[in-house]
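Source: prediction; values computed, not measured. We're numbering straight along the sequence, starting at 1.
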Amino acid sequence: MNSYARMATKIISISEFLSALSEPCISLPRVYTAIGGFVSGGHPEYLTHSIESAFLKGTPIRNLFLYYAAGQGDKKNRGINHLAHDGLTIGAIGGHWGLAPKLGEMALENRIIAYNIPQGVISKSFRSIASHELYVDTHVGLETFVDPYLEGGMINEMTRKYDKRDVVHHIKSRVGAGKTDLLRYFMRPLHIALLKGTIADYEGNVSLKREPFSPDTLAIAQAVYNSGGKVFVQVEEISEELLSRTEHPMGIIPGFLVSGVIMAPEEFCMQTFAEKYEPLFCSGERNMEAASKKLSIERRIIGARVLEELRQISGRNGRPICNLGIGMPEAVSVCAAEQGMLGRIVLSVEVGPNGGIAAGGLNFGAMYSPSSIIPQNSQFDFYQGSGLDFSALGMAETDAEGNINVSKFGKVLAGCGGFIDISQNTKNIVFVGTMTSGGLEIAIESGKLRILREGSHRKFARKVEQVTFSGKYARKTGQNVKYVTERCMFELGENGIELTEIAPGVDVGKDIQKQVDFELRLKKPASELVNPDYFKGC
């Protein structure tokens, strides 16, 4: 070890980290704790796991009020699920909740104060907190459940009754015609940051060299430091030499922001919860085979049909810039790869990667062979400014007005994630999903679609449970909105959604009208609805 390494003091043990974390927990009624990560990448698993273990052993770590942009977890026990204990966590402001069902259960059972706020707004708020701004004004969230005219982003009765620090207010426009109302999101000073990096030196400089993206890591560190808080970073490697930015293209967290670096055991150093290390997530080396995946019949039909819509979009620089959501929309990239279209479009993921092939499942957020990876907050700057030419997002529940719900279903709290940021700001948007779910079986016979067994759950409701996307607002802003299922397509018209296309072999009355809870509006006579190219590419 050289003399430089012996001079440094930022490397600490896990027990020193837990001791430092206990200090604000003893003195503050709310310890606002910012956590980095996106799905299963970039999350400091060793730190959250250790906090849970220490709490269960009786250490005075308590009163955490979580503040995070993207969902972090595996829908089971990892990620912020570790922090879902009464007394340990007393509140949360989060963008997505579905990956942390234990935390979501606490919210739905009125055991914590809980807000669901758009992921992009939270992501960008870290920079606002760093610059001591008191609030963020934006159109994002208007006329959705985040708007105080509806629910104000409050998840439960406990929040509505007891929390006197409303997160969002509706600001009426006071200027001339054409100007829109705004939502004002209020900021909180942050006391603790829990982050993940790859390599640190002894001065506390941290590289994200082998991370698949940068989920606000630098912005969170700056926000917490400027709030007078403490920044802790989990890494997998300690370097005895000063880190050089030229060797770490994802950038470096400056050591002066960092309170402590904790070396994590190997089992806590996975790149994502699904991959130990996938070099292509960090490399621009082209590998189109990464997109190949076996698709079910319904996913292939939907993916191919959406791709036909995408073919009509040119983009301002020749190639349309696209965002594809998790789940069903992933089929679009597979179909694009099979049809040789990946070179004609630019795929983009909200956490920062661009130009590659979006990964799915617990790897969602990462890209195979990205051409660039920018910070999540910068990506949302671009999205919220209408930079996207095209988006395809999931469609869990839809109603006659064209509203979409992907955020809350009875006792299931999914959260909006980046859905609102993306869906409200893309000119051409397609929502995708099967018409029914829960046992749906279909087949293609002689070029026609046959419903072998209908799903037990109907997705087209008279009224959605929660408004994550507003059809009325989309009409005001002039968006081109379509809804694609395996058997038909709708468009958003002046009075709500209109049936514009059915697949060959589908009966409008039996296979469509019977499966929706409202009266269908037909844009054309039924005899003109059949599109012989519906199964092109399938």
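- Within 6.0 Å of CZ in R344 there are 12 or fewer heavy atoms belonging to other residues, nucleotides or ligands.
- No side-chain N or O of N495 forms a donor-acceptor pair with one of E401 less than 3.5 Å apart.
- Between the side chains of S128 and Y185, no donor N or O sits under 3.5 Å from an acceptor N or O.
- A donor-acceptor contact closer than 3.5 angstrom is absent between the side chains of H96 and N116.
- A salt bridge links R458 to D517: at least one charged side-chain nitrogen sits closer than 4.0 Å to a carboxylate oxygen.
- Between the side chain of R30 and the backbone N or O of L64 there is no donor-acceptor pair closer than 3.5 Å.
- A donor atom on one side chain and an acceptor atom on the other are not found under 3.5 Å apart for T500 and E498.
- When only modelled atom types and interatomic distance are considered, S407 and Q466 share a side-chain donor-acceptor pair under 3.5 Å.
- At a threshold of 4.0 Å, the pair D181-K172 counts as salt-bridged, since one of the basic side-chain nitrogens sits closer than that to a carboxylate oxygen.
- Using a 4.0 Å cut-off between a side-chain N of Lys or Arg and a carboxylate O of Asp or Glu, E494 and R475 do not qualify as a salt bridge.
- In this structure, E330 does not pair ionically with R299, as no charged nitrogen and carboxylate oxygen lie closer than 4.0 Å.
- Using a 4.0 Å cut-off between charged side-chain N and carboxylate O, R160 and E157 make a salt bridge.
- F469 and F431 have their aromatic ring centers within a separation under 6.0 angstrom.
- Annotation: side chain of P118 is in contact with side chain of V146 (closest heavy-atom distance under 4.5 Å).
- Taking a cutoff of 4.0 Å between a charged side-chain nitrogen and a carboxylate oxygen, E501 and R305 qualify as a salt bridge.
- Taking the centre and axis of the six-membered ring of F518, the NZ or CZ atom of R462 falls outside the cone set by 45° and 6.0 Å.
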Worksheet entry | Residue pair V306, F390: steps toward the side chain to side chain contact (heavy atoms under 4.5 Å, CB included) verdict | CA-CA 10 Å; V306 173; F390 182 92; 3.7 Å; yes
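- D421 places none of its side-chain heavy atoms less than 4.5 Å from the side chain of E350.
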Worksheet item: Should E308 and R311 be marked as a salt bridge (charged side-chain N to carboxylate O under 4.0 Å, His left out) after you check the CA-CA gap, both sets of side-chain angles, and the distance that decides it?
Response: CA-CA 5 Å; E308 290 301 305; R311 290 180 190 276; 3.1 Å; yes
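- Under a 4.0 Å N-O distance rule, the pair K472/E143 does not qualify as a salt bridge.
- Between H43 and F273, the angle of the ring planes goes over 60°, which puts this pair in the perpendicular group of the 30/60° scheme.
- In this structure a side-chain-to-backbone donor-acceptor pair under 3.5 Å is present from H191 to Y32.
- At a threshold of 4.0 Å, the pair R184-D137 counts as salt-bridged, since one of the basic side-chain nitrogens sits closer than that to a carboxylate oxygen.
- At least one donor-acceptor pair under 3.5 Å links the side chain of N403 to the backbone N or O of G471.
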Discussion item. Working note: F409 + E465, criterion side chain to side chain contact (heavy atoms under 4.5 Å, CB included); need CA distance, chi angles, decisive distance, verdict.
Written reply: CA-CA 7 Å; F409 311 92; E465 181 177 347; 4.3 Å; yes
Discussion item. The test is side chain to side chain contact (heavy atoms under 4.5 Å, CB included); show your working for V167 and I117 and say whether it passes.
Written reply: CA-CA 9 Å; V167 169; I117 300 300; 3.9 Å; yes
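- A donor and an acceptor atom, one from each side chain of N363 and T272, are located under 3.5 Å apart.
- In this structure, the separation between CG on L99 and CG on N81 is 8.5 Å, given to the nearest 0.5 Å.
- Between F126 and Y67, the two ring planes are perpendicular [angle over 60°; tilted spans 30° to 60°].
- Considering I429, L347, I422 in turn, I422 is the only one that fulfils the side-chain contact (heavy atoms from CB on, under 4.5 Å) rule with N323.
- With hydrogens and angles left out, the side-chain atoms of S378 and D381 include no donor and acceptor closer than 3.5 Å.
- With N156 contributing its side chain and I112 its backbone, the two residues share a donor-acceptor pair below 3.5 Å.
- Between F186 and Y135, the ring planes lie perpendicular to each other; the angle is over 60°, past the 30° to 60° tilted range.
- With hydrogens and angles ignored, the 3.5 Å screen pairs no side-chain donor or acceptor of T426 with any backbone N or O of S391.
- Under 3.5 Å, the side chains of H132 and N226 contain no donor-acceptor pair of N or O atoms.
- For the residue pair Q384 and K124, a side-chain donor N or O sits within less than 3.5 Å of a side-chain acceptor on the partner.
- Of the options D216, I122, I220, a side-chain contact (heavy atoms from CB on, under 4.5 Å) to N377 is made by D216 and by none of the others.
- Side-chain atoms of Q376 and F213, non-hydrogen and from C-beta on, never get closer than 4.5 Å to each other.
- Proximity of V467 to N405: side-chain heavy atoms (C-beta onward) are nowhere separated by under 4.5 Å.
- Interatomic distance, CE of M106 versus CD1 of I155, reported as 12.0 Å (0.5 Å rounding).
- Put simply, the side chain of N354 gets close to the backbone of G352: a donor and an acceptor are under 3.5 Å apart.
- Remark: aromatic rings of F460 and F490 are close, center separation under 6.0 Å.
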